[in-house]
> 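This is the structure I want to talk about, given as structure tokens.
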Amino acid sequence: WVQLEESGGGSVQAGGSLNLSCAASQFIYDRKNYVLGWFRQTPGTEREWVAAIDTSDNTIYTDSVKGRFTISQDNAKNNVYLQMNSLKPEDTGMYYCASDPRVRIRTMVAGRQFQDFGRGTQVTVVS
């Protein structure tokens with residue numbers, strides 16, 4: 001079954017860095033094709049994806065994080081990571097790891113939602 005567990009959130013000064021980790025269940029990695037993503041949500045708004053990676057290590061980023069965030073995965077450990085550098089106060093939010101076997105990175109558009117989410121980890125960037 002699908003399990004996703006995030007860690008690594010915290011409070012950081014603007015300009016600082018954080019590295020989020022997500023432990024994904026073997027069930028996800030056993031799929032022929034999968035996409036794992038990181039979503040961000042602030043109070044009163046819908047979750048929106050910020051980065052995603054697929055079976056072949058293809059990646060995609062939302063415009064606001066390009067050049068600052070890097071998504072990667074370690075298949076041997078069933079982990080996916082989000083390295084966040086040059087953090088800004090507007091990066092503050094709850095970050096969720098997500099997966100969806102129906103998604104293909106090449107067709108992802110703003111607002112695309114995933115099927116399964118973890119419980120999230122809070123990131124707070126203070127100015």
> If we only count heavy atoms from C-beta on, is the Glu46 to Gln113 side-chain gap below 4.5 Å?
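Yes, their side chains come closer than 4.5 Å.
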
> What do the steps show when you test Ile71 against Tyr81 for side-chain contact (heavy atoms from CB on, under 4.5 Å), and what is the final call?
CA-CA 6 Å; Ile71 189 170; Tyr81 307 99; over 6 Å; no

> Passes side-chain contact (heavy atoms from CB on, under 4.5 Å), Gln115 versus Arg102? Steps please.
CA-CA 9 Å; Gln115 178 176 282; Arg102 306 164 297 174; 3.7 Å; yes

> Any sub-3.5 Å donor-acceptor pair from Thr55's side-chain atoms to Tyr34's backbone N or O?
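Yes; judged by distance alone, with no hydrogens or angles, the pair exists.
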
> For the atom pair CD (Gln3) and SG (Cys97), what is the distance rounded to the nearest 0.5 Å?
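So the CD of Gln3 and the SG of Cys97 are separated by 12.0 Å.
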
> What distance do Asp116 atom CG and Ile28 atom CD1 have between them, rounded to the nearest 0.5 Å?
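Rounded to the nearest 0.5 Å, the CG-CD1 separation comes out at 7.0 Å.
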
> Taking all non-hydrogen atoms of both residues into account, name the closest pair between Ser21 and Trp38 and its distance.
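Heavy atoms only, the tightest pair is O-CH2, 3.6 Å.
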
> What about Ile60 and Met84, same hydrophobic cluster or not, with Ile/Leu/Val/Met/Phe/Trp/Tyr joined at side-chain heavy-atom distances under 4.5 Å?
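Cluster IDs for Ile60 and Met84 differ.
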
> Taking side chain as C-beta onward, heavy atoms only, is Arg112 less than 4.5 Å from Val103?
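SC-SC contact between Arg112 and Val103 confirmed.
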
> Take the angle between the ring planes of Phe117 and Phe39 and call it parallel below 30°, perpendicular above 60°, tilted in between.
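Rings of Phe117 and Phe39: perpendicular, over 60°.
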
> Within this structure, what is the OG-CG distance for the pair Ser72 and Asp57, rounded to the nearest 0.5 Å?
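One gets 8.5 Å once the value is rounded to the nearest 0.5 Å.
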
> Answer yes or no: is there an ion pair linking Lys88 with Asp91, defined by an N-O contact shorter than 4.0 Å?
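Judged by the 4.0 Å cut-off on N to carboxylate O distance, Lys88 and Asp91 do not form a salt bridge.
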
> For residues Val126 and Ser11, report the shortest heavy-atom separation together with the two atoms involved.
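Nearest pair, atom of Val126 first, then Ser11: CG1-OG, 4.2 Å.
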
> Do you know which of Asn19, Val50, Thr70 makes side-chain contact (heavy atoms from CB on, under 4.5 Å) with Leu82?
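The residue from Asn19, Val50, Thr70 that satisfies side-chain contact (heavy atoms from CB on, under 4.5 Å) with Leu82 turns out to be Val50.
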
> Determine, stepwise, if the pair Asn79 / Gln73 fulfils side-chain hydrogen bond (donor to acceptor under 3.5 Å, both in side chains).
CA-CA 6 Å; Asn79 281 354; Gln73 63 183 333; over 6 Å; no

> Please tell me whether Leu87 and Leu20 are part of a single hydrophobic cluster in this structure, the criterion being side-chain heavy atoms less than 4.5 Å apart.
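Yes, one cluster joins them.
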
> Donor-acceptor check, side chain of Arg47 to backbone of Arg40, threshold 3.5 angstrom: yes or no?
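The answer is no, because no donor-acceptor pair under 3.5 Å joins these two groups.
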
> Minimum heavy-atom separation for Gln83 and Ser17, please, with both atom names.
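Reported closest heavy-atom pair: NE2-CB, 3.9 Å.
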
> Counting neighbours of CD on Gln122 that are heavy atoms of other residues, nucleotides or ligands and sit closer than 6.0 Å, is the number greater than 12?
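For Gln122, atom CD is crowded (more than 12 foreign heavy atoms under 6.0 Å).
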
> Mind listing the closest non-hydrogen atom pair of Met108 and Ala52 along with its distance?
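Heavy atoms of Met108 and Ala52 come nearest at SD-CB, 3.9 Å.
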
> Do Thr92 and Val123 come close enough that some side-chain heavy atom pair is under 4.5 Å?
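When only atoms from C-beta onward are counted, Val123 and Thr92 do not touch, as no gap falls below 4.5 Å.
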
> Is there a side-chain contact between Tyr61 and Arg68 (heavy atoms, below 4.5 Å)?
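The answer is no; the side chains never approach within 4.5 Å.
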
> Going through the checks in order, is the side-chain contact (heavy atoms from CB on, under 4.5 Å) test met by Phe114 and Val35?
CA-CA 9 Å; Phe114 279 27; Val35 174; 3.8 Å; yes

> Would the distance check show the side chain of Gln41 and the main-chain N or O of Met94 forming a donor-acceptor pair, the cut-off being under 3.5 Å?
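No.
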
> Can you see which heavy atom on Gly9 is nearest to which on Thr121, and at what distance?
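So the minimum-distance heavy-atom pair works out to N-OG1, 3.1 Å.
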
> Asn75 and Tyr29: which non-hydrogen atoms are nearest, and at how many Å?
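Closest pair (atom of Asn75, atom of Tyr29, distance): OD1-CE2, 3.4 Å.
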
> Output, in order, the C-alpha distance, side-chain angles, deciding distance and verdict of side-chain contact (heavy atoms from CB on, under 4.5 Å) for Leu4 and Ser99.
CA-CA 8 Å; Leu4 299 158; Ser99 74; 4.1 Å; yes

> Tell me if a side-chain donor or acceptor on Thr42 pairs with a main-chain N or O of Gly93 at a distance below 3.5 Å.
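No: the side chain of Thr42 does not pair with the backbone of Gly93.
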
> Is there a side-chain contact between Leu18 and Val125 in this structure, where contact means two heavy atoms from C-beta onward sitting under 4.5 Å apart?
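No, side chains not in contact.
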
> Hey, does Glu6 have a side-chain heavy atom less than 4.5 Å from the side chain of Tyr96?
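Yes, their side chains come closer than 4.5 Å.
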
